[in-house]
Amino acid sequence: MHADVPTMLLMIIISSVAMALALAVVAWGQRRDGIAWWATGLLLHALGYVLFSGRGRIPDGLSIVLANVLLACSLSALQAAVHQFMGRPWPRWHMAVPAAFIALVMWALIDHYPLRVATASLCYAVQIGLLLAALRPMARPGAGRGVLLLGLGLGVQMMVLLLRTAMALWGQQHPSGLLASDLVQSLTFLMSFLTVQLASLGFVFMTRDRLDEGNRRLATTDALTGVANRRSAIFALERDAARAQRMGGSVALMVVDIDHFKRINDSHGHLAGDRVLCHVVNVLSDRVRTQDLVGRYGGEEFLVLLPDTGLDGALVLAEQLRQSVQQSVCHWQGQALAVTVSIGVFGGRLGSGDTWEMVLDAADRALYQAKQAGRNRVQASNSLARAEPQSMAAPEPSTQNI
Ligand SMILES: Nc1nc2c(ncn2[C@@H]2O[C@H](COP(=O)(O)OP(=O)(O)OP(=O)(O)O)[C@@H](O)[C@H]2O)c(=O)[nH]1
């Protein structure tokens with residue numbers, strides 16, 4: 001099946017212009033996320049194809065040299081878009097190098113069709129390869145699928161260009177030129193049409209993915225300390241408690257509270273207090289395992305959630321955390337602020353009817369006892385305050401001081 005190449009070029013022009021206009025509307029007034037550069041790239045692409053379609057009817061200087069220069073500039077504009085999206089500088093001369101190279105080569109090879117096709121295709125493939133390399137840091141777990149779509153579109157386009165280079169070099173390129181409607185040309189332009197759509201949608205989805213990621217981070221992390229906020233720490237506790245109950249496993253929770261924090265605020269100011277909060281979070285986060293979770297419960301109180309951990313293991317870690325905070329030095333405006341914490345710990349198995357609220361309550365009551373016993377200490381609890389039958393008095397939960 002051979003499609004009519006001039007019609008395909010028209011399809012590429014119309015779709016590139018339509019996509020560029022749509023992106024220009026989205027990007028209006030916003031220059032940060034690279035969408036305006038992407039739209040510029042699509043317009044240059046469309047303009048290049050307009051000149052290609054005039055092959056034989058307009059001077060070769062326009063339909064060969066300028067058309068290819070516009071394609072090289074279009075890929076440079078896409079590179080600028082990706083760099084702007086990633087907040088990286090993109091010197092303007094990076095734009096000029098491929099354009100100048102293509103202008104020289106096209107002019108020199110104006111009468112050598114296969115060699116010209118091979119050189120131009122290889123140059124575009126290299127530009128796309130550089131674009132893919134620039135995108136690599138974005139392709140991390142949890143980054144969203146926009147970058148995958150963009151990578152797929154660019155990757156396919158690069159393969160098509162390399163294939164076209166090889167075929168031109170090995171004499172497979174149709175001798176009658178660009179507008180000849182043969183299989184190679186039809187496939188090349190069909191893939192160009194599809195990959196422009198795919199890559200552009202991928203780029204737009206990347207901006208949406210980034211917004212989603214930012215919103216997710218805002219909703220789950222504490223703005224001051226950067227650890228899980230109360231909502232996501234409680235969510236994790238709820239999930240671990242439900243799993244421990246279902247599987248018959250253990251769960252451990254620490255409630256860590258900075259001692260006499262009000263005094264730090266009162267004598268050094270709230271900014272010093274904020275510095276101390278971040279310092280304590282750093283000490284806690286440095287010592288816990290990757291599967292453990294540190295979260296800010298509120299004010300100067302933190303939760304440390306230890307999945308699949310019994311009371312003994314939790315007590316060893318709690319004592320290490322307490323000592324680490326005591327031995328650490330929090331610097332504030334040339335002064336060393338002394339900081340200690342009290343820690344209430346619950347650890348144990350959960351039975352049917354036990355809830356995460358009971359776990360939190362048990363650790364909180366142990367913390368209260370640590371404060372009562374003089375602060376800078378760890379207090380443990382291994383029993384939950386379960387609801388008892390009406391006629392019986394609720395027994396005191398057992399706690400141990402270490
Ligand atoms: N700097 C700062 N202070 C906060 C923040 N959140 C809560 N606080 C302050 O933390 C202090 C908590 O004081 P208290 O509840 O009396 O606790 P404490 O002084 O640590 O006393 P103990 O816990 O009994 O040792 C209050 O002064 C709050 O204003 C915060 O984000 N930044």
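Both counts, for ligands and for their atoms, begin at 1 and track the order of listing. Just so you know, residue 1 is the first one in the sequence shown, and it goes up from there.
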(request) Determine the interplanar angle of the Trp90 and His94 rings, folded into 0 to 90°, and report it as parallel if under 30°, tilted if 30 to 60°, perpendicular if over 60°. (result) perpendicular
(message) Run the side chain to side chain contact (heavy atoms under 4.5 Å, CB included) test against Tyr368 and tell me which residues pass, sequence neighbours left out.
(response) Gln372
(message) Trp332: which residues meet the ring pair (Phe, Tyr, Trp, His ring centres under 6.0 Å) condition with it, sequence neighbours left out?
(response) none
(message) Keeping Arg55 on the side-chain end and Ser63 on the backbone end, is there a donor-acceptor pair under 3.5 Å?
(response) yes
(message) So, using ring pair (Phe, Tyr, Trp, His ring centres under 6.0 Å) as the criterion, who are the partners of His279 when residues are at least two apart?
(response) none
(message) Closer than 3.5 angstrom, by distance alone: can the side chain of Asp209 be matched with the main-chain N or O of Gly146 as a donor-acceptor pair?
(response) yes
(message) List the protein residues in contact with ligand 1, where contact means a heavy-atom separation under 4.0 angstrom.
(response) Asp257, Ile258, Asp259, His260, Phe261, Lys262, Asn265, His270, Gly273, Asp274, Leu277, Arg296, Gly299, Glu300, Lys371, Arg375
